[in-house]
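Notes for the one structure printed next.
Naming: A, B, ... by sequence-line order, numbering from 1 per chain.
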2 protein chains.
Amino acid sequence: MRPTVYDIAAAAGVSLATVDRVLNQRPGVRIVTREKVEAAIRDIGYVRDVAAANLAKGRVYPLVFILPTGDNSFMHGLYAEVRQAMTRSSLERTEIRIVQVPAFDPPALVAALDALHGQDVAGVALVATDAPEVRAAVDRLVDARIPVVTLVSDLTGSARHHYAGVDNIAAGRTAARLLGRFLGGRKGDITVLAGSMLVRDHRERLEGFAALMAAEFPQLRLLPVLEGRDDPEITSGLVSEALAGSNDIIGVYSLGAGNRGLIRALKATGQGRGLTVVVHELTEHTRAALQDGTIDAVLNQDAGHEVRSAVRVLKATADGQGFIAGQERIRLDIFVKDNLP
Amino acid sequence: MRPTVYDIAAAAGVSLATVDRVLNQRPGVRIVTREKVEAAIRDIGYVRDVAAANLAKGRVYPLVFILPTGDNSFMHGLYAEVRQAMTRSSLERTEIRIVQVPAFDPPALVAALDALHGQDVAGVALVATDAPEVRAAVDRLVDARIPVVTLVSDLTGSARHHYAGVDNIAAGRTAARLLGRFLGGRKGDITVLAGSMLVRDHRERLEGFAALMAAEFPQLRLLPVLEGRDDPEITSGLVSEALAGSNDIIGVYSLGAGNRGLIRALKATGQGRGLTVVVHELTEHTRAALQDGTIDAVLNQDAGHEVRSAVRVLKATADGQGFIAGQERIRLDIFVKDNLP
DNA sequence: AAATTTCTGATTTACGTACATCAAAATTGG
DNA sequence: CCAATTTTGATGTACGTAAATCAGAAATTT
C-alpha cells in the first residue's frame with residue numbers, strides 16, 4: 001500500500017498538522033522538526049496523491065493560450081485543437097482561455113503577456129514571435145512563478161519552461177535530405193517558398209535546409225526564397241511565375257503555409273515536369289496532393305499533440321511536478337503517400 | 001461549476017442513494033426512476049469525476065503485460081518501457097505484472113491468457129502471435145469483460161479493444177516508397193531480410209513492401225526473403241553471403257530485428273557499393289549506422305508510446321470510458337540522418 | 001385489505017489531502 | 001523564573017464519489 005500523510009506523521013513522530021505544514025510549506029515549524037519530517041518522507045518514499053490533493057483543493061488550472069491570428073490551415077487546425085482541449089476542460093480541471101494577437105507583432109504579444117500579471121493564471125502557452133521584448137515579457141511571467149510553454153515556435157534564450165513544438169532546423173535538414181535523395185543525383189534548381197522570414201520557425205527551417213543542401217547536394221542550386229506570406233493567392237502567383245520563367249527547376253520546398261496556392265500552381269504549370277515537391281503541414285489540401293502525386297513528401301507537426309502536451313506540461317509545472325520527457329517531445333512526422341493516417 | 005451527484009439528485013427529484021444505484025448499476029431501482037435519473041444526468045451534463053471516484057473506490061488497476069522472450073534490441077526496449085511504467089505504478093494506480101511467454105508459441109500464449117481468468121485483472125496487454133487459438137483465447141477474456149489491447153503486433157478479427165502499434169502494411173509500403181525513390185530509377189535487385197514469417201507484423205510489412213514495389217518500381221526485383229530469426233549472427237551470415245553472391249543488389253530492406261548483424265555485414269562486404277538500406281527499429285546500432293551513412297532510413301515504432309498508450313487505454317476501458325483516438329494512434333516514425341531525436 | 005416484496009430515502013463512513021481553528025506544549029526573552 | 005512568543009497537537013470540515021445500512025414508502029401479490 002502506498003504511504004499516506006498518516007504514515008509520515010507516525011514515522012516522524014509528529015502530528016498530522018505538522019506534516020501538513022511541512023508538505024504545504026506553511027510557517028510555524030522549527031527547522032529541526034521540518035527536517036525530521038522531510039527525512040521521514042524520503043525514508044518511507046511518500047509521494048503526494050495529486051488526484052486527492054486537487055480534489056481537496058478544488059484546484060482548477062486557468063490556462064491561457066496566446067495564439068496569432070492567421071487564415072491558413074495550420075492555424076485553423078491549431079485553434080481547433082485548443083477548442084477541443086477546452087471541451088475536455090471539466091474532466092481535466094483546466095479552464096482554457098484563448099487570447100488572440102495579431103501575427104508577427106511583438107508589441108501586441110508583449111502587451112498580451114504583460115496583461116496576465118495579477119490575473120489568476122496557472123499557466124501560459126504562446127506561439128512566440130522572436131523578439132527581445134517578447135523574451136523579456138516571458139521572463140517576467142516566469143519570474144512571477146507562472147509556468148510558460150512556447151508552442152509551435154520557440155523562444156530560445158528565454159526562461160520558458162518548455163517548448164511544445166518540433167526542431168525546425170532539423171525539419172529543414174530533413175526536407176533537404178528527402179528532396180536531395182528523391183532527386184537521385186539529378187542536377188538543377190530548387191525553389192524555396194516561405195511564409196515570411198520574420199518568423200523564427202521559417203528562418204530555422206530555411207537555415208537547416210540550405211545548410212544540408214550546400215553540404216551534401218552541391219549539384220542542386222537554391223533559387224532566391226519566395227515569400228508567399230502564407231497566402232494561397234500570393235503563393236500561387238509566385239510559383240507560377242517561377243516555373244514559367246525557368247525550365248531548370250526540378251524541386252520545390254515549401255516551408256510555410258499557404259500550400260493551397262502552391263498546389264494550384266503546380267497542377268497548372270508544373271504538370272508533367274517531374275518536379276519533386278516537399279512541403280510542410282498536413283492539411284486536406286496537401287493530403288490530397290500527396291495522394292495524387294503532386295507532392296512527394298509532407299513534413300508535419302501534430303497540432304493536437306502539441307496542445308495536449310502544452311496542457312500536460314503546464315499542469316505538471318504548476319504542481320511543481322516533473323513530466324515524462326520522451327512523451328512530451330514533439331516528433332517531426334514525415335508523410336509519404338503510403339503512411340497517411 | 002461542474003455538476004455533482006447532488007445536482008443529479010436534485011434535478012431528478014430522487015435521493016443520493018438512488019442516483020448512486022443508477023450510476024453504479026446497482027439493483028433496486030425501477031425502470032421509470034432509473035430513466036428519470038438518466039435523463040437528469042444528460043440534462044445537466046453530468047460527468048463522473050474519475051479521480052474522486054477512484055479515490056473513493058480505492059481502485060487500483062492490476063494490469064498484465066504478456067511479452068514474448070527475445071534477445072533483440074527492440075524487445076529489450078519494450079521490456080524497459082514496461083518496467084518504466086511499473087515505476088510510475090503508484091502514481092497511476094496501476095499494478096503491472098509482466099508474464100513472459102516463449103516467442104512464436106501460440107499454445108503458450110493461450111495458456112498464459114487462459115490463466116488470467118478468475119484472477120484480479122483490470123486489463124491485459126499482449127504482443128499477439130497470430131493464430132486462431134490465440135484469437136479465441138483473447139475473445140474469451142473480452143467475454144469475461146476484461147479489457148484487452150494488442151501491443152506491437154495485432155490480432156485482427158479478434159475482439160481486442162484496441163491495438164497499440166503501427167500499421168505494418170503501411171510501414172512496408174512506406175519502406176518500399178523510400179527505397180524506390182532513394183534509388184532514383186536505378187535498376188537492380190533488392191534483398192529483403194525478415195525475422196520470421198511466422199509473425200504477423202513481419203508478414204504484413206513484407207506484404208506492403210512487395211505490393212508497392214511491384215506496382216510502382218518494376219525496375220527493382222525482389223530477391224527471396226532471408227530469414228534471420230532476429231538473430232545478429234544468422235543475419236550477418238545471410239547478408240554477407242547474398243552480397244558476395246551478386247553484384248546486382250542495390251538495396252536492402254530489413255523488416256525485423258537483429259540489425260546488428262546486418263550492419264556488420266554491410267560494413268564488411270557492402271562498403272563502397274552504394275547500397276541503399278532501409279531498416280526497422282531505432283536502436284543504438286541502427287542510430288550509429290544511420291549517422292555514418294551505412295543506413296539511409298530507419299522506420300520506427302516508439303515502444304514507450306506504445307506501452308503508455310496501452311496503459312491509458314486499458315484504464316479508460318476498465319472505467320468504461322472513451323479515449324482520444326488521435327492521441328492513441330501509434331505513429332510510424334521515419335528517421336533519416338537529420339531528424340534523429 | 002393484509003402481507004409481502006420491491007424500491008427509495010436518509011444517513012454514515014471512507015478514500016487522501018488541504019486548510020482552518022483552538023488549545024496545549026515548548027521555547028525564547030527579559 | 002515568569003510572561004510572551006513560537007511551535008506543535010488535536011480535531012473538524014471539505015472536496016466528489018462509493019458503498020453500506022436501515023427505515024420507510026410504494027408496488028405487487030395473495
Side-chain angles (χ1 to χ4, degrees), chain A residues 1-38 40-41 44-61 89-93 95 122 315 318-321, chain B residues 1-38 40-41 44-61 89-93 95 122 315 318-321:
Chain A
M1 217 47 202
R2 189 172 160 183
T4 74
V5 282
Y6 295 90
D7 299 317
I8 304 177
V14 300
S15 79
L16 215 55
T18 302
V19 172
D20 180 68
R21 290 181 184 113
V22 173
L23 277 177
N24 297 291
Q25 357 213 23
R26 273 185 266 276
V29 186
R30 266 184 310 165
I31 323 97
V32 279
T33 316
R34 157 160 283 126
E35 278 163 359
K36 208 165 54 174
V37 173
E38 281 163 352
I41 291 176
I44 65 176
Y46 169 85
V47 225
R48 183 196 248 105
D49 183 329
V50 187
N54 285 342
L55 178 59
K57 275 194 281 212
R59 181 135 173 57
V60 288
Y61 302 81
S89 270
S90 67
L91 294 166
E92 299 177 340
R93 297 179 173 279
E95 245 171 34
K315 287 176 64 176
D319 287 335
Q321 297 234 308
Chain B
M1 216 48 201
R2 188 170 161 186
T4 74
V5 284
Y6 295 91
D7 299 317
I8 305 176
V14 300
S15 78
L16 216 55
T18 303
V19 172
D20 180 68
R21 290 179 184 114
V22 173
L23 277 176
N24 297 290
Q25 356 212 25
R26 271 185 267 276
V29 187
R30 266 183 310 163
I31 322 96
V32 279
T33 316
R34 158 159 282 124
E35 279 164 357
K36 208 166 56 178
V37 173
E38 281 164 351
I41 291 176
I44 65 176
Y46 169 84
V47 221
R48 182 198 247 103
D49 183 328
V50 188
N54 285 342
L55 178 60
K57 275 194 282 212
R59 184 141 176 49
V60 288
Y61 303 80
S89 270
S90 68
L91 294 166
E92 299 177 339
R93 297 177 173 280
E95 243 170 36
K315 286 176 66 176
D319 287 335
Q321 296 236 309

Strand contacts (DNA chain C) in residues 21-29 of chain B, 4.0 angstrom heavy-atom criterion: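 Only B:R21, B:G28, B:V29 qualify.
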
Close residues, residues 6-19 of chain A, relative to DNA chain C [heavy-atom separation under 4.0 Å]: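 By residue number: A:Y6.
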
Rounding to a whole Å, what distance do you find between [X]:[atom1] and [N]:[atom2]?
X	N	atom1	atom2	value
A:N54	D:dT17	CG	P	15 Å
A:R59	C:dG16	CZ	C1'	17 Å
B:D49	C:dT17	CG	P	16 Å
B:I31	C:dC7	CD1	P	8 Å
A:I44	C:dG16	CD1	P	13 Å
B:R48	D:dA19	CZ	C1'	13 Å

Qualifying residue for side-chain contact (heavy atoms from CB on, under 4.5 Å) with B:T18, from B:V29, B:L23, B:I8: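 Looking at B:V29, B:L23, B:I8, the match for B:T18 under the side-chain contact (heavy atoms from CB on, under 4.5 Å) is B:V29.
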
Pairs under 3.5 Å (N/O, protein and nucleotides 26-30 of chain C):
none

Contact list for residues 14-28 of chain A, test salt bridge (Lys or Arg N to Asp or Glu O under 4.0 Å), sequence neighbours left out: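 Non-adjacent pairs meeting salt bridge (Lys or Arg N to Asp or Glu O under 4.0 Å): A:D20-A:R26.
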
Set of residues satisfying salt bridge (charged side-chain N to carboxylate O under 4.0 Å, His left out) with respect to B:R2, sequence neighbours excluded: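 Result, salt bridge (charged side-chain N to carboxylate O under 4.0 Å, His left out) vs B:R2: none returned.
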
With B:R34 via salt bridge (charged side-chain N to carboxylate O under 4.0 Å, His left out) - residues at least two apart: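 With sequence neighbours excluded, B:R34 shows a salt bridge (charged side-chain N to carboxylate O under 4.0 Å, His left out) to no residue whatsoever.
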
Closest heavy-atom pair and its distance - B:P3, B:I44: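 Scanning both residues, the minimum pair turns out to be CG-O, 3.5 Å.
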
Atom pair CG/CG of B:D49 and B:L55 - distance to nearest 0.5 Å: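 Here the interatomic distance stands at 9.5 Å.
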
Atom pair CG (B:D7) and CD1 (B:I41), whose distance is rounded to the nearest 0.5 Å: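 Answer rounded to 0.5 Å: 11.5 Å.
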
Nearest listed nucleotide, side chain of [X], among [options]:
X	options	result
A:L55	C:dA18, D:dA18, C:dG16	C:dG16
B:K57	D:dA19, D:dT17, D:dC15	D:dA19
A:D20	D:dT17, C:dC19, C:dT17	C:dC19

Test item: B:Y6 and B:V19 side chains (from C-beta on) under 4.5 Å apart, heavy atoms: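 No, their side chains stay 4.5 Å or more apart.
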
4.5 Å side-chain heavy-atom contact, B:V47 and B:Q321: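 The answer is no; the side chains never approach within 4.5 Å.
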
Whether A:K36 side chain and A:V14 backbone form a donor-acceptor pair below 3.5 Å: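 Such a contact is absent between A:K36 side chain and A:V14 backbone.
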
Verdict with reasoning, B:R48 to B:D319, per salt bridge (charged side-chain N to carboxylate O under 4.0 Å, His left out): CA-CA 11 Å; B:R48 182 198 247 103; B:D319 287 335; over 6 Å; no

